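One structure below.
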Amino acid sequence: MSNHLDQLREELDQVNIKILELINERGRLVKEIGDIKTSQGMKAYDPVREREMLNHIVEQHEGPFEYSTIEHLFKEIFKAAKELQEDDYQKTLLVSREKKPTDTVVNVGDVSVGNGQSQFVMGPCSVESQAQVDTVAKSVKEQGVNILRGGAFKPRTSPYDFQGLGEEGLKILRNSGDRYGLKVVSEITNPKDIEVGSQYLDIIQIGARNMQNFDLLKEAGKVNKPILLKRGLAATINEFMNAAEYIVSQGNSDLILCERGIRTYETATRNTLDITAVPVLKQETHLPVMVDVTHSTGRRDLLLPAAKAALAVGADGVMAEVHPDPAVALSDSQQQMDIPTFEYFMEQLKQPNVTAHNI
Ligand code: PEP
Ligand code: MN
């Protein structure tokens, strides 16, 4: 009895191996057929052919399984082979580490992002006046920061809120940048403004609300200008990477990613800073990754701990907002730092124990 059982089990093992071999053989055939179809410009998946194969199998079927069981099993086998084809044909993303194992360093003139040295992007939420931006720029320069920010085209939740100064704002930002020897970054929201943006700016920002504005991404991919792409309000890391791919696939690989918090059920902070997105993006892509602590936390008291956390997990830089008088700021007055707070913030981040990088 026990001998018979052993023998049956052995036969079963052999059948399993045969099925395995046949499934793999089938996979190889499907792949070969797929290659021929692709070379002839035909689509790999053919539902009519799949239905014919299933009918043929069911006609030959004699039991003991139910017809529906056989159909189900074969559909799974078909599906596996189809996935094998898709894997093969799905392009490995240009932004992926798999495609390019070495870190991309984005050079903004003589300032490098992603070379192991932390970079800071500091400045007001919105450009309001030349005097306002100059005041911030002076302090930003004194703190050893290289990149000045300031919004000119503001994507506001309410249409009745301050919308930004537009091109005039870009001019003001450029003036301050030139006056204090700083690189400047500002958000562009409309594909037709990418060109004008690249006249005034050293880095073009694409904001969270526009992360999947594919026309904007494509335009950004065509200019010879570094791009700072922010993660969408509710975008997965995969969606973020694909948005980045839109830019890089158009030929512009000077791209910096920026985690800026995502929507969750938590209300203690404005958004939830997805801190592990930093190491995930560093692993999955070769691009520099920054963290915006202002828009992620929405809280002035959390800017410093969030920035420390960002640097500790390997961010290449930190963005935060600074305003000479946040109480009267035309946007984000809750979370911008005033100048003394900003100075303290930078002093703390320059402490040697905060990061292995030096600024
Ligand atoms: C900004 O940086 O000015 C901004 C609007 O940020 P976000 O797109 O991340 O909301
Ligand atoms: Mn802001």
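Not measured: the values here are computed from a predicted model. When a ligand or atom number is given, it counts from 1 through the structure's own listing order.
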Quiz prompt | From CD1 (Ile237) to OG1 (Thr285), nearest 0.5 Å | solution = 10.0 Å

Self-check item: Phe342 side, atom CZ; Leu303 side, atom CG - distance, nearest 0.5 Å
Solution: 11.5 Å

Self-check item: Arg231 to ligand 1, any heavy atom closer than 4.0 Å
Solution: no

Self-check item: Atoms of ligand 1, numbered as shown, that sit under 4.0 Å from any heavy atom of Gly207
Solution: 8 (O)

Quiz item: Numbering the atoms of ligand 1 from 1, which are under 4.0 Å from a heavy atom of Lys154?
Solution: 3 (O)

Quiz prompt | Within 6.0 Å of OH in Tyr344, more than 12 heavy atoms from elsewhere | solution = no

What is the nearest protein non-hydrogen atom to [atom], stated with its residue, atom name and distance?
{"atom": "atom 9 (O) of ligand 1", "answer": "Arg260 NE, 2.6 Å"}
{"atom": "atom 8 (O) of ligand 1", "answer": "Ala208 N, 2.8 Å"}
{"atom": "atom 5 (C) of ligand 1", "answer": "Glu187 OE1, 3.8 Å"}
{"atom": "atom 3 (O) of ligand 1", "answer": "Arg149 NH2, 2.8 Å"}
{"atom": "atom 6 (O) of ligand 1", "answer": "Lys230 NZ, 2.9 Å"}

Self-check item: N-O pairing of Lys75 and Glu71 below 4.0 Å
Solution: yes

Exercise. Answer yes or no: is there an ion pair linking Asp316 with Lys282, defined by an N-O contact shorter than 4.0 Å?
Key: yes

Quiz item: side-chain hydrogen bond (donor to acceptor under 3.5 Å, both in side chains) with Asp292: which of Lys230, Arg231, Arg260?
Solution: Lys230

Quiz item: Are Arg179 and Gln130 side-chain neighbours, meaning at least one heavy-atom pair lies under 4.5 Å?
Solution: yes

Quiz prompt | Of Asp202, Asp178, Asp110, the residue whose pairing with Lys183 passes salt bridge (Lys or Arg N to Asp or Glu O under 4.0 Å) | solution = Asp110

Quiz item: Closest N/O/S atom of Glu321 to the Mn ion (ligand 2), by atom name?
Solution: OE2

Exercise. Have a look at Asp332 and say which of its N, O or S atoms is nearest the Mn ion (ligand 2).
Key: OD2

Quiz item: What does the angle at the Mn ion (ligand 2) come to, between atom NE2 of His295 and atom SG of Cys125, rounded to 10°?
Solution: 160°

